[in-house]
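Only one structure is covered here, and it is reproduced in the block below.
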Amino acid sequence: AQSVTQLGSHVSVSEGALVLLRCNYSSSVPPYLFWYVQYPNQGLQLLLKYTTGATLVKGINGFEAEFKKSETSFHLTKPSAHMSDAAEYFCAAFSYQGAQKLVFGQGTRLTINP
Amino acid sequence: DAGVIQSPRHEVTEMGQEVTLRCKPISGHNSLFWYRQTMMRGLELLIYFNNNVPIDDSGMPEDRFSAKMPNASFSTLKIQPSEPRDSAVYFCASIFLQAANTEAFFGQGTRLTVV
């Protein structure tokens, strides 16, 4: 069965520091992969996605992620954290073949220290 | 398009009452998902539909939960009877299934409190 694991339920970085949020998936077929961001009391907003093609994808707000099939990973990074990046981040996988369902990781709460 | 629309945004109800949550997906989308979000369990997939047909409801916690999608523009999630442990934020998301262009759009959620 398809599953998504996010390492670290809480990550704290200083403003201006590198942000790295980890995501690994488990699937017999490489799925489509997504990162979503959720601000307090709001729904989920798409940051970026990987479906096919270039494995390094760029998203909104300066975030990017790299799909590494050999490591079954899709880690999210941002070179320099901003206070406005404080939010909860979710990694998700969608299997286009077979059971077409969108499965989420547990989420990582990102805190930015001034 | 106004996006995925959920109603109500907030619902407070007494234990034992029936609760109905509503979702209007984005026009033209052919898949719809219901999720429940809690601090303890994160985002749980409850059920999803493809072309209005329920495909997988294995995430529905109990028989008290039911979901319908009578047409492409409307879905409901019903809890009857409701219990305090059902308190959570319930999200609806819709997708247009198309290779290499798949993206889920979420509603703002319904915050349910059962007292």
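We name chains A, B, ... by the order of the sequence lines, and we start the count at 1 in each one. Just so you know, these numbers use all the heavy atoms, side chains as well, and skip hydrogens, waters and symmetry mates.
Here the straight-line distance linking atom CG of B/L43 with atom CD of A/Q38 works out to 6.5 Å at 0.5 Å rounding. With rounding to the nearest 0.5 Å, the separation of CG in A/N41 from CZ in B/R9 is 8.5 Å. Here B/E103 contributes atom CD and A/F94 contributes atom CZ; the two are 12.5 Å apart, rounded to the nearest 0.5 Å.
Looking at A/L46, only its side chain comes within 4.5 Å of chain B, counting heavy atoms on both sides. Only the side chain of B/R111 comes within less than 4.5 Å of a heavy atom in chain A; its backbone stays farther off.
B/N71 CG: more than 12 foreign heavy atoms inside a 6.0 Å radius. B/E14 CD: 12 or fewer foreign heavy atoms inside a 6.0 Å radius.
At a threshold of 4.5 Å between side-chain heavy atoms, the hydrophobic network of Ile, Leu, Val, Met, Phe, Trp and Tyr places B/V4 and B/W34 in two separate groups. With hydrophobic clusters built from ILVMFWY side chains whose heavy atoms lie under 4.5 angstrom apart, B/Y48 does not share a cluster with B/L46. In this structure, B/L21 is a member of the same hydrophobic cluster as B/M60, with clusters built from ILVMFWY side-chain heavy atoms closer than 4.5 Å. B/F105 and A/Y39 are assigned to two separate hydrophobic clusters, defined by single-linkage of ILVMFWY side chains at heavy-atom distances under 4.5 Å.
When B/A104, B/G109, B/A93 are compared by the number of non-hydrogen pairs under 4.5 Å with chain A, B/A104 comes out ahead.
Counting only heavy atoms from C-beta outward, the side chains of A/L102 and B/Y35 approach each other to under 4.5 Å. In this structure, the side chains of A/F90 and B/Q37 come closer than 4.5 Å at one or more pairs of heavy atoms.
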